[in-house]
Amino acid sequence: MKLTELLEELDYTILSGAPEKEISTLVYDSRKVQKDSIFVCISGSVRDAHDFIPDVIEKGAAAIVVEKDVDAVEGVTFIKVENSRKALAYLSAAYFGHPAKQIKTIGITGTKGKTTTTYMVKSILELSGIKTGLIGTIEAVIGDEHIPAENTTPESYMVQEYFRKMVDAGLDAVVMEVSSQALMLHRVDGFTFDYGIFTNLEPDHIGENEHKDFADYMHCKSLLFQQCRTGIFNGDSEHLEGILAGHTCTVETFGYGEKNDLRATNMELKKEHGALGVCYHISGLLDFDVEVNVPGRFSVYNSLTAIAICRHFDVPVERIKEALLHVSVRGRIELVPVSKKFTVMIDYAHNAMSLESLLVTLKEYDPGRLVCLFGCGGNRAKSRRFEMGEVSSKLADLTIVTSDNPRDEDPMAIIEDILVGIKKADGAYVTIPDRKDAIEYALLHAQNGDIIVLAGKGHEDYQIIKGVKHHMDERDLIAEILKEHPEIQ
């Protein structure tokens with residue numbers, strides 16, 4: 001590929017060398033540089049890639065993109081840009097042949113609901129014959145290929161690479177989670193989303209190496225709506241005006257409020273035979289009854305979001321209704337069939353805010369008892385342990401304190417910290433360090449009408465102990481326990 005082709009949509013200055021060069025690969029990791037690569041120098045919080053310029057020249061880099069003034073080297077083209085991360089996004093889009101122009105792109109941002117909604121959208125679209133890829137917190141899905149995720153939204157090069165693979169695989173659309181960090185770090189620059197979606201906004205990701213304050217967090221979220229054609233918004237959000245600031249897209253809204261384009265009315269909680277869900281009627285741009293087998297009032301918002309998106313793909317109402325009945329997201333209020341006498345679910349709630357939201361939601365279903373099983377990760381803030389312990393003790397009828405990812409810490413030391421919080425309230429609790437033993441205890445002592453939550457691990461299928469990663473999937477543990485104790489069912 002010609003260097004000039006890669007630079008077509010980029011604002012840049014040639015510091016030295018010629019732009020008329022043949023480029024072999026686009027690279028932002030100095031270890032992957034080959035002869036005739038173009039290397040993009042990213043200034044990270046830990047390392048500055050500008051420091052590796054002599055190394056990449058020695059490896060044969062033909063061109064180097066910088067955001068700082070550097071000394072010229074004969075035979076190497078130096079290209080200066082204002083922001084290297086932004087440049088990487090535009091270069092990646094060109095390098096992979098602008099695949100976003102060949103597939104319908106859907107980007108979902110917000111504090112909560114992104115993961116569940118992406119799976120709902122994928123489920124609805126695919127049931128209607130629209131082949132859909134997914135990029136998110138848990139994984140990227142390209143046809144039958146499932147790629148575990150490292151970040152909610154991957155680096156721009158990987159985003160474009162996934163898009164290219166999806167186009168080549170014959171997919172029609174892609175739905176992806178777009179984090180505030182991704183927007184701040186230009187990971188989704190270089191193309192225009194067909195649809196941008198805002199779910200909700202709460203204080204989160206604020207602090208060192210993230211967002212300096214809530215205003216910055218909200219501003220970064222709002223950037224999505226300056227690079228999408230159609231914006232679909234939670235019209236009930238108190239932060240809607242802030243998210244709309246500077247928007248360049250057309251606007252549609254959903255929610256409970258009368259002014260929304262899609263409205264939810266007559267919401268009811270559904271509880272039967274160990275399964276939980278919600279029912280409601282949708283009116284406005286569409287008019288039909290909805291049933292979702294995912295518990296919680298927020299399931300109304302998540303499903304409304306998915307419906308608002310899929311409406312633009314002319315999905316028949318019956319297909320929408322069928323898909324929402326069967327949608328399930330791994331580790332997000334994931335109901336695990338165990339017994340019709342009680343309910344068991346797995347959820348990723350791993351901080352006090354998410355655990356409180358989950359337990360408050362489940363108490364609305366008036367369980368016989370609400371049982372919460374959780375631990376906390378090692379090498380993380382101790383405050384999280386105290387806070388989660390207090391929340392569970394206040395809201396759950398029984399808390400089972402166990403191990404999560406102890407990492408380099410002593411599991412019992414982590415549990416002792418959790419118990420400090422537990423004892424700030426008056427909830428009943430037991431301590432069982434081994435997670436399988438803890439789950440076994442919960443199932444063997446379950447009572448009619450109980451809701452049992454296994455919190456913290458969610459989609460994760462491992463446990464890290466003393467730096468070693470061990471396979472541990474709670475679904476497997478439940479299956480083993482049921483095999484050993486068939487009387488539970």
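All figures in this text were calculated on a predicted structure; none of them were measured in a lab. We number each residue from 1, following the sequence as shown.
Inspection of the Y217 and T111 side chains reveals an N or O donor paired with an N or O acceptor under 3.5 Å. Using modelled atom types, one finds a donor on one side chain and an acceptor on the other under 3.5 Å when comparing E177 with T115. Side-chain contact of E139 with H459: a donor-acceptor pair under 3.5 Å is absent, judged by distance alone. For Y280 and S303, the side-chain atoms include at least one donor-acceptor pair closer than 3.5 Å.
Geometrically, K457 engages Y462 in a cation-pi contact, judged by NZ or CZ lying under 6.0 Å from the ring centre and within 45° of the ring axis.
Ion pair R229/D194 flagged as a salt bridge, since at least one NZ, NE, NH1 or NH2 atom sits closer than 4.0 Å to an Asp/Glu carboxylate oxygen. Checked for salt-bridge contact, R330 and E334 miss the test: no charged N lies under 4.0 Å from a carboxylate O. A salt bridge does not link K394 with E356: none of the charged nitrogens is closer than 4.0 Å to a carboxylate oxygen. Here K436 does not pair with E440 in a salt bridge; the nearest charged N to carboxylate O distance is not below 4.0 Å.
D172 places a side-chain N or O within 3.5 Å of a backbone atom of K131 that can act as its donor or acceptor partner.
Side chains of Y256 and M267 form a contact here, defined as non-hydrogen atoms less than 4.5 Å apart. Residues S392 and L355 meet the side-chain proximity criterion, which asks for heavy atoms closer than 4.5 Å. Taking 4.5 Å as the limit, some side-chain heavy atom of N293 sits within range of a side-chain heavy atom of K270. Side-chain contact between S92 and V159 is absent, with no heavy atoms from C-beta onward closer than 4.5 Å. Within the 4.5 Å cutoff, the side chain of E460 has heavy atoms near those of the Y348 side chain.
For F191 and H98, the ring centers are positioned 6.0 Å apart or more. When ring centroids are compared, F214 and H239 come within the 6.0 Å threshold.
Rounding to the nearest 0.5 Å gives a distance of 7.5 Å between CD1 of I307 and CG of L286. Considering CD1 of I197 and CG of N234, their distance stands at 12.5 Å, rounded to 0.5 Å. Atom CG of N200 sits about 10.5 Å away from atom CD of E238, to the nearest 0.5 Å. Atom SG of C310 is separated from atom CE of M120 by 10.5 Å, given to the nearest 0.5 angstrom.
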Should S156 and D189 be marked as a side-chain contact (heavy atoms from CB on, under 4.5 Å) after you check the CA-CA gap, both sets of side-chain angles, and the distance that decides it?
-> CA-CA 7 Å; S156 58; D189 280 22; over 6 Å; no
